[in-house]
There are 2 protein chains.
Amino acid sequence: MVLRVGVVGGGQLARMMIPAAVNLGIEIRVLAEAEGMSAALAATAVGDYRDLATVAAFAAEVDVVTFDHEHVPQPVLRALVDAGVRVHPGPEALQFAQDKLRMRERLQALGMPQPEWAAVSDEAQLQAFIDANGGRAVVKTPRGGYDGKGVRLVSSAAEASDWFAAVADDPAGSALLVEELVDFRRELAQLVARRPGGEVRHWPVVETVQKGGVCAEVFAPAPNATARLVEVAGEIGDAIVSGLGVTGVMAVELFQTVDDRLLVNELAMRPHNSGHWTQDGSVTSQFEQHLRAVLDLPLGDTAAGAPWTVMMNILGGPLEGTLDARYVAAMQEVPHAKIHNYGKDPRPGRKVGHVNVVGENLDDVTFDARAAAAYFEG
Amino acid sequence: MVLRVGVVGGGQLARMMIPAAVNLGIEIRVLAEAEGMSAALAATAVGDYRDLATVAAFAAEVDVVTFDHEHVPQPVLRALVDAGVRVHPGPEALQFAQDKLRMRERLQALGMPQPEWAAVSDEAQLQAFIDANGGRAVVKTPRGGYDGKGVRLVSSAAEASDWFAAVADDPAGSALLVEELVDFRRELAQLVARRPGGEVRHWPVVETVQKGGVCAEVFAPAPNATARLVEVAGEIGDAIVSGLGVTGVMAVELFQTVDDRLLVNELAMRPHNSGHWTQDGSVTSQFEQHLRAVLDLPLGDTAAGAPWTVMMNILGGPLEGTLDARYVAAMQEVPHAKIHNYGKDPRPGRKVGHVNVVGENLDDVTFDARAAAAYFEG
């Protein structure tokens, strides 16, 4: 018996499942959007993930279908399930990653701690929310961004008038999501996995640092975290992954507020940038765990393998090729840095790799990770 | 720039280079002996490694050629080098892995500690060696085994008469190798890597335990090893890898004698079973290091990432398929065991995978590794 996993989407998350599949003796096949993508080594098909016939033909050759991203449309997902395909995570769970209003409603029903939020259908409702929440608010488009971003900080309802017009024209649209601007001390992320049989395991909560709206650094486990904070974050992860019926790996992005509450910011129902540290810093990487989970195999140990791991992203700005000389310089300078290169053509701001450094002392690990990552700065 | 490594041979050593290549952003291509081999995921060609035209065509599409095994004939290797192909390890080094008499001669010239040995051309010479070394000796065929084994313990020269007949008929043959039967306390292995530029790094020396002539368990680092023993083993590895001009990873199998000398038993000029622990127990795995070395990239840190790692081989005897239910049972029983499944059809005695367990306490790690491996016993 050889187990075959089919991954829809050929990006770096699919790519990073390949080593785990090779180790476990699992056959991995990828449906890529185009030739030459990050996961090209395992790409057995190229096609449009929005086309049912394309995805169904791909699914027919594997034991379970999973994803590099959350964008496969609900009708495609549901048709696969109706045809008897094992799809993990399934459409019921994925709708909460695809629609932020549904996510907020469902998390509220589950009693999860969230920022103040509302569904607003017009400028008057939005203005009332802004007025009730200190004169500012964060407006989000529930399903993807109408301007490619989908998140906007506003201080008056008029600043979202174009989005109200867009949502009115959107056949699937009904309202915008508005959330309070949270006064947070820092951002955390809770990674967790669940298999169809119900087993759940979570990793230690980590601190994530964004620069220019992009995840830049991850500190694992989160420094200066009380045992109570670690426990609560894990409980939130467990409750959401089970409450939403998620199968596979899920990341919960959290705010730690200035008064030390944890509030759920976003969900990702797949391996996530905040979990890349697990490749070198945890007994079981998120990519191995995702494969184990979607195949309903026993989950692996999620303990940290060393006291500290620091992950830094590599953005493609100044790089001249997929194995630019800067990689060689970083390998030379920090022999214990673990380089992860996605094999993607560099473009400014594009995530093309990351560096993990593991060790005993947080200051040393941070210093070394930044020393390696500094070679990739503009 | 994308670096492309071509691996001749499609076995599990080539397979286990794939995860390292994926991480580093290196393109890996494999020339496999047949369809469906262990490294099939990266197999871009299938053909006979003894055929120059086949290997040369494969080599033309990569930046450097390396190997899953040591069996590519010298004329093929030398023709590649003459044609300008980068071959690592090169033919000059590989001859010492292909011919045990040449190895003994060269190690003697380098002043390496070895068992007593001699080249013997007839039974009289062999009997004289046996008589001078306590009435027993180990006879070896220098180039592969005439009976598929190539190593025989004898107490009289007549027991090797068939091999003398075979070596006389062998156009490349001249003599047999005979070695004293070493009175050893245990067997060790020293793993080391060297890049063409000359940089050398060695891992901590490990203890290897054979069962039925096959490597069964590896304890890393070697328990109860004095600092002096660790230092001497490392020096031996460094001296051999440099003295023989080896590029890539090399394993030196050592005897620790009852009077605590270290003697060189065998060499392997490739990643080796005694180094599989590095996949989960060292900052840099032997497979990543091999790719870095043959590409002349800076070598990675060879420190152990945790106090202890125990590796146990999985033999194919009782298994019913490449992902037999026993794997699932082992994953369930020991969630921190790292399973490595080579995707090979099981046959009795065939190495089809291994398990690594990493931890703080040697007794616990050994217990857990054996608990996981026990699922695979007959």
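The figures that follow rest on heavy atoms only: side chains count, while hydrogens, waters and symmetry mates do not. Lettering of chains follows the sequences in order, A, B, ..., and the numbering in each one begins at 1.
- Note: A:His354 and A:His340 have parallel aromatic rings, judged against thresholds of 30 and 60 degrees for the angle between ring planes.
- Looking at heavy atoms from C-beta onward, A:Ser242 lies in side-chain contact with A:Val200 at the 4.5 angstrom threshold.
- The shortest side-chain heavy-atom distance between A:Ile314 and A:Arg326 does not fall under the 4.5 Å cut-off.
- By a heavy-atom distance cut of under 4.5 Å, A:Pro298, A:Leu299, A:Gly300, A:Asp301 are the residues of residues 298-307 of chain A near chain B, going up by number.
- Considering only heavy atoms from C-beta on, A:Val357 comes within 4.5 Å of A:His336 through its side chain.
- Put simply, of B:Glu288, B:Glu333, B:Glu199, the one with the most heavy-atom pairs under 4.5 Å next to chain A is B:Glu288.
- Just one residue in the list A:Val30, A:Val65, A:Asp68 forms a side chain to side chain contact (heavy atoms under 4.5 Å, CB included) with A:Val8, and that residue is A:Val65.
- The most heavy-atom pairs under 4.5 Å with chain B, out of A:Val283, A:Val22, A:Ile339, come from A:Val22.
- Both the backbone and the side chain of B:Leu41 come within contact range of chain A, each with at least one heavy atom under 4.5 Å from a heavy atom of that chain.
- A 4.5 Å side-chain heavy-atom check between B:Val46 and B:Met37 finds every atom pair outside the cut-off.
- Counting heavy-atom pairs closer than 4.5 Å to chain A, the top-ranked of the candidates B:Thr284, B:Val334, B:Ile28, B:Ile18 is B:Thr284.
- You'll find the ring centres of B:Tyr327 and B:Phe376 inside the 6.0 Å limit.
- Using a 4.5 Å cut-off between heavy atoms, B:Ala20 makes no contact with chain A at all.
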Original post:
Passes side chain to side chain contact (heavy atoms under 4.5 Å, CB included), A:Met16 versus A:Phe287? Steps please.
Top reply: CA-CA 7 Å; A:Met16 290 187 276; A:Phe287 300 101; 3.6 Å; yes

